[in-house]
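Proteins come first, then strands; the chains are lettered A, B, ... in the order of their sequence lines, and each starts at number 1. Atoms considered below: every heavy atom in the structure, side chains included; atoms not considered: hydrogens, waters and symmetry mates.
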Number of protein chains: 2
Amino acid sequence: MDAIRGGEHMTGRPTIKEVSKIAGVSFKTVSRVLNNEKHVSEETRRRVEEVVARLNFRPSQAARMLAGRRSFQVALLYDNPSPYYVYHIQAGAQQRCTELGYRLLLQPVDSQAAGLVADVMALVDEAHLDGLILSPPVTEIASLLDALDARGLPYVRIAPGIRAGAGLATTMDDVAAAREVTRHLIGLGHRAIAFIPGPESHVSSANRLRGYREELEGHGIAFDPGLIVAGDYSFTSGSEAARKLLDGSPKPTAIFAGNDDMAAGALAMAHERDIAVPDQLSIAGFDDSDLAKAVWPPLTTLRQPVRELAWAAADLMLGEHTLGSQLVLNHELKVRMSTGPARVKPIT
Amino acid sequence: MDAIRGGEHMTGRPTIKEVSKIAGVSFKTVSRVLNNEKHVSEETRRRVEEVVARLNFRPSQAARMLAGRRSFQVALLYDNPSPYYVYHIQAGAQQRCTELGYRLLLQPVDSQAAGLVADVMALVDEAHLDGLILSPPVTEIASLLDALDARGLPYVRIAPGIRAGAGLATTMDDVAAAREVTRHLIGLGHRAIAFIPGPESHVSSANRLRGYREELEGHGIAFDPGLIVAGDYSFTSGSEAARKLLDGSPKPTAIFAGNDDMAAGALAMAHERDIAVPDQLSIAGFDDSDLAKAVWPPLTTLRQPVRELAWAAADLMLGEHTLGSQLVLNHELKVRMSTGPARVKPIT
DNA sequence: CTGAAAGCGCTTACAG
DNA sequence: CTGAAAGCGCTTACAG
């Protein structure tokens with residue numbers, strides 16, 4: 001016998017009818033007050049609100065969903081291995097939804113699963129969703145986008161890759177951001193700058209690589225494939241990539257990793273080999289995750305406005321907007337101690 | 001005009017009545033099949049299930065909540081600044097709830113807020129919750145526990161401090177765990193072992209301090225208040241505590257921090273002062289968070305079964321249990337490179 | 001094993 | 001500005 005049985009816990013719950021009786025109005029009028037509709041006299045409104053507060057009345061979401069055309073409920077879909085990323089995406093979306101009177105369902109999904117589209121549509125039906133927020137890489141599943149479009153269901157994407165210009169979206173400029181990091185390293189005198197891109201499944205990987213390359217070439221530095229070793233956004237992959245780069249040729253004086261986890265991996269490899277950072281090797285990351293400030297030396301990185309992207313996504317979908325359907329948010333270079341002038345002490 | 005208006009998206013949604021019509025039975029029979037009730041002939045069941053699958057029918061959660069006595073919906077309350085902790089607590093609870101057919105609402109709260117109890121009870125009413133999972137420090141709010149008890153609402157607590165023996169709970173033994181870490185350090189020859197406890201608001205802080213102290217005294221090593229400097233579980237506070245410890249007297253040969261964030265902070269301070277870890281100073285953490293493996297050298301720490309604690313909490317509340325109402329999960333010491341033999345090279 | 005009736009607590013659409 | 005009726009899509013309690 002499980003603990004949930006019995007269910008006598010609905011005891012105290014008042015309903016709209018009890019409120020209306022005490023306030024001396026019809027329950028329809030209480031409904032008007034609750035929904036902030038026009039055409040309620042100031043005095044009636046005040047009286048109803050007083051009773052609502054006194055009884056601690058909260059309308060049943062289930063009844064509203066069933067009777068009304070809107071559920072005031074949306075879901076955030078995510079499938080990201082980074083606790084840091086998920087935490088902040090959740091926080092941003094949650095905050096804006098709460099402010100706007102929506103409940104947000106936080107829904108982890110498996111973007112590789114065959115049944116993904118069916119599962120999401122099941123959620124849409126069961127929960128009567130009014131809309132969806134998609135975070136990468138759920139943003140890249142064409143069949144899901146098609147199903148949502150066919151259904152006419154509103155959704156916003158955060159940092160989408162495919163169909164980037166279509167529909168509602170919030171993004172940052174990965175290309176420009178990667179150029180900034182690269183420019184910072186070039187400015188410190190580095191010429192042999194290695195880059196560790198992320199996995200191909202993420203659009204951000206290709207965009208950051210492109211920014212790195214464009215900036216190099218803008219400064220007349222030839223792109224050298226020997227300085228590129230891909231990772232998969234994990235710490236371990238960053239470590240392995242750094243090992244290959246340090247063993248390869250040409251020897252880099254700086255490593256720019258596509259995210260902070262990989263930068264931390266590269267940094268660990270430098271420590272393991274007694275390579276001084278930044279005196280012998282500069283290392284830069286991307287994201288400005290919690291990790292960036294927790295390693296030694298703290299990482300130079302590019303702050304991605306994760307929380308803001310999710311906040312703005314919710315706002316774009318649920319708020320009162322006339323301005324547009326796409327929003328590009330600002331990033332910011334964070335210079336810390338892991339980058340410094342080139343070749344103070346060459347690697348031996 | 002916002003994107004959500006219009007709401008023509010319910011178009012395709014089939015109902016239980018349409019299913020029943022196609023299957024040639026009453027809609028009550030469909031309901032029986034959906035709820036896995038007895039007394040449905042095998043053939044009828046099969047026919048209904050076939051139609052359900054073909055139409056991709058999903059029952060409205062709202063209608064079930066309204067008509068039934070159970071909502072099949074529970075909430076996880078959390079108020080923890082650690083993305084790592086929140087991510088794994090969510091994952092564990094989410095998994096078990098999904099397996100058992102419950103929807104889990106992930107609800108961040110402000111445990112310091114005056115209106116907390118009212119807000120939670122509002123959630124209970126609005127969402128018709130069948131139960132709640134409380135994670136630290138939400139577990140410690142007596143007024144909330146009282147309100148839930150008064151309402152007769154089932155809840156489980158993860159690692160509770162107050163009223164620890166009462167009600168449903170999953171925990172780990174912080175005292176024994178801290179003793180294990182301390183024993184490891186003593187076994188390496190350390191005698192001047194500093195400890196950085198967390199904030200007093202968390203019960204785990206006091207328990208880990210107690211374990212540290214008990215183990216020392218069990219080995220005939222006097223407890224020295226000069227080797228205790230408190231932090232608040234943050235990286236920065238760990239760094240500051242380490243600074244004071246390294247400047248104070250007696251000089252520690254090992255530092256045991258109450259969590260990994262503070263251990264990482266202590267490690268950064270050692271790097272800043274060019275103190276070799278572990279040759280001159282051993283550092284141990286607690287949690288085995290992602291951080292533990294991302295810093296250099298990787299931290300010796302104690303694995304707290306965060307995900308399992310949440311999984312078991314959901315299971316305890318929703319599953320079929322007869323065994324008991326409290327569950328103590330196992331922890332595990334993870335020895336990595338940040339700890340080593342004492343005084344190989346004394347700090348100068 | 002199966003079904004017809006009543007009702008959950010609200011919103012909608014229609015009156016006045 | 002306010003109200004009475006109908007109904008959302010299910011489960012419950014009662015019959016057969």
Side-chain angles (χ1 to χ4, degrees), chain A residues 5-21 23-48 52 55 57-73 101 124-128 130, chain B residues 5-21 23-48 52 55 57-73 101 103 122 124-128 130:
Chain A
R5 298 273 168 74
E8 295 309 306
H9 54 268
M10 299 303 278
T11 335
R13 203 175 190 299
T15 72
I16 197 173
K17 293 199 177 177
E18 307 183 50
V19 172
S20 69
K21 201 168 298 175
V25 293
S26 75
F27 73 92
K28 173 59 212 171
T29 297
V30 175
S31 170
R32 283 203 180 86
V33 173
L34 292 174
N35 291 292
N36 261 310
E37 289 175 24
K38 302 282 170 197
H39 309 304
V40 181
S41 78
E42 208 33 61
E43 205 223 297
T44 308
R45 183 180 299 277
R46 208 186 317 260
R47 189 145 37 93
V48 170
V52 164
L55 294 192
F57 168 75
R58 294 289 172 159
S60 156
Q61 224 192 316
R64 302 185 80 178
M65 283 165 72
L66 199 54
R69 270 185 312 168
R70 300 170 72 180
S71 67
F72 295 94
Q73 191 156 262
V124 166
D125 281 343
E126 286 177 2
H128 299 243
D130 282 342
Chain B
R5 297 275 167 73
E8 294 311 305
H9 55 267
M10 298 303 278
T11 335
R13 205 178 187 298
T15 72
I16 197 175
K17 294 198 174 175
E18 307 183 49
V19 172
S20 69
K21 201 168 298 174
V25 294
S26 75
F27 71 91
K28 172 60 213 170
T29 298
V30 176
S31 169
R32 283 203 180 84
V33 173
L34 292 174
N35 292 291
N36 261 310
E37 289 175 24
K38 302 282 169 198
H39 309 306
V40 181
S41 78
E42 207 35 61
E43 205 224 297
T44 308
R45 184 182 298 278
R46 208 187 317 262
R47 189 148 34 94
V48 170
V52 165
L55 294 192
F57 169 74
R58 295 288 174 161
S60 156
Q61 222 193 318
R64 301 185 81 177
M65 283 165 72
L66 200 54
R69 270 186 312 169
R70 299 171 71 180
S71 66
F72 294 94
Q73 190 156 262
R103 184 172 308 294
V124 166
D125 281 342
E126 286 177 3
H128 299 242
D130 282 342

Anything under 4.0 Å to a heavy atom of chain B counts; send over the first and last such nucleotide of DNA chain C, read 5' to 3'.
C/dC1 to C/dG9

Looking only at heavy atoms, the pair that brings B/Glu18 and B/Pro14 closest together is OE2-CA, 3.6 Å

Heavy-atom closest pair (B/Met65 atom, B/Ala127 atom, distance to 0.1 Å) is CE-O, 3.0 Å

With DNA chain C as reference, determine whether B/Ala67 or B/Ser26 sits nearer its 5' end, using the nearest nucleotide of each.
B/Ser26

Please give the stem ranges for DNA chain C, sorted by first residue number, where a stem is three or more consecutive Watson-Crick or G-U pairs and both donor-acceptor distances are under 3.5 Å.
C:1-3 with D:14-16, C:5-12 with D:5-12, C:14-16 with D:1-3

Give every donor-acceptor pair under 3.5 Å between a side-chain atom in residues 23-35 of chain A and any protein atom, sequence neighbours left out.
residue: A/Ser26; atom: OG; partner: A/Lys28; partner atom: N; Å: 3.4
residue: A/Ser26; atom: OG; partner: A/Thr29; partner atom: N; Å: 3.3
residue: A/Ser26; atom: OG; partner: A/Thr29; partner atom: OG1; Å: 3.3
residue: A/Asn35; atom: OD1; partner: A/Arg64; partner atom: NH2; Å: 2.4
residue: A/Asn35; atom: ND2; partner: A/Ser31; partner atom: O; Å: 2.9

Does anything in residues 37-44 of chain B come within less than 4.0 Å of DNA chain C? Heavy atoms only, and list the residues if so.
B/His39, B/Val40, B/Ser41, B/Thr44

Hey, mind stepping through B/Thr15 and B/Lys21 against side-chain contact (heavy atoms from CB on, under 4.5 Å) and telling me if it holds?
CA-CA 10 Å; B/Thr15 72; B/Lys21 201 168 298 174; over 6 Å; no

Could you work out, with side chain to side chain contact (heavy atoms under 4.5 Å, CB included) as the rule, every residue matching B/Ser60, not counting sequence neighbours?
A/Leu66, A/His128, B/Arg13, B/Ala62, B/Ala63

Heavy-atom check, side chain of B/Arg103 versus side chain of B/Asp130, under 4.5 Å
no

Tell me, do B/Asp125 and A/Phe57 make a side-chain contact under 4.5 Å, heavy atoms counted?
no

By salt bridge (Lys or Arg N to Asp or Glu O under 4.0 Å), which residues pair with B/Glu43, not counting sequence neighbours?
B/Arg47

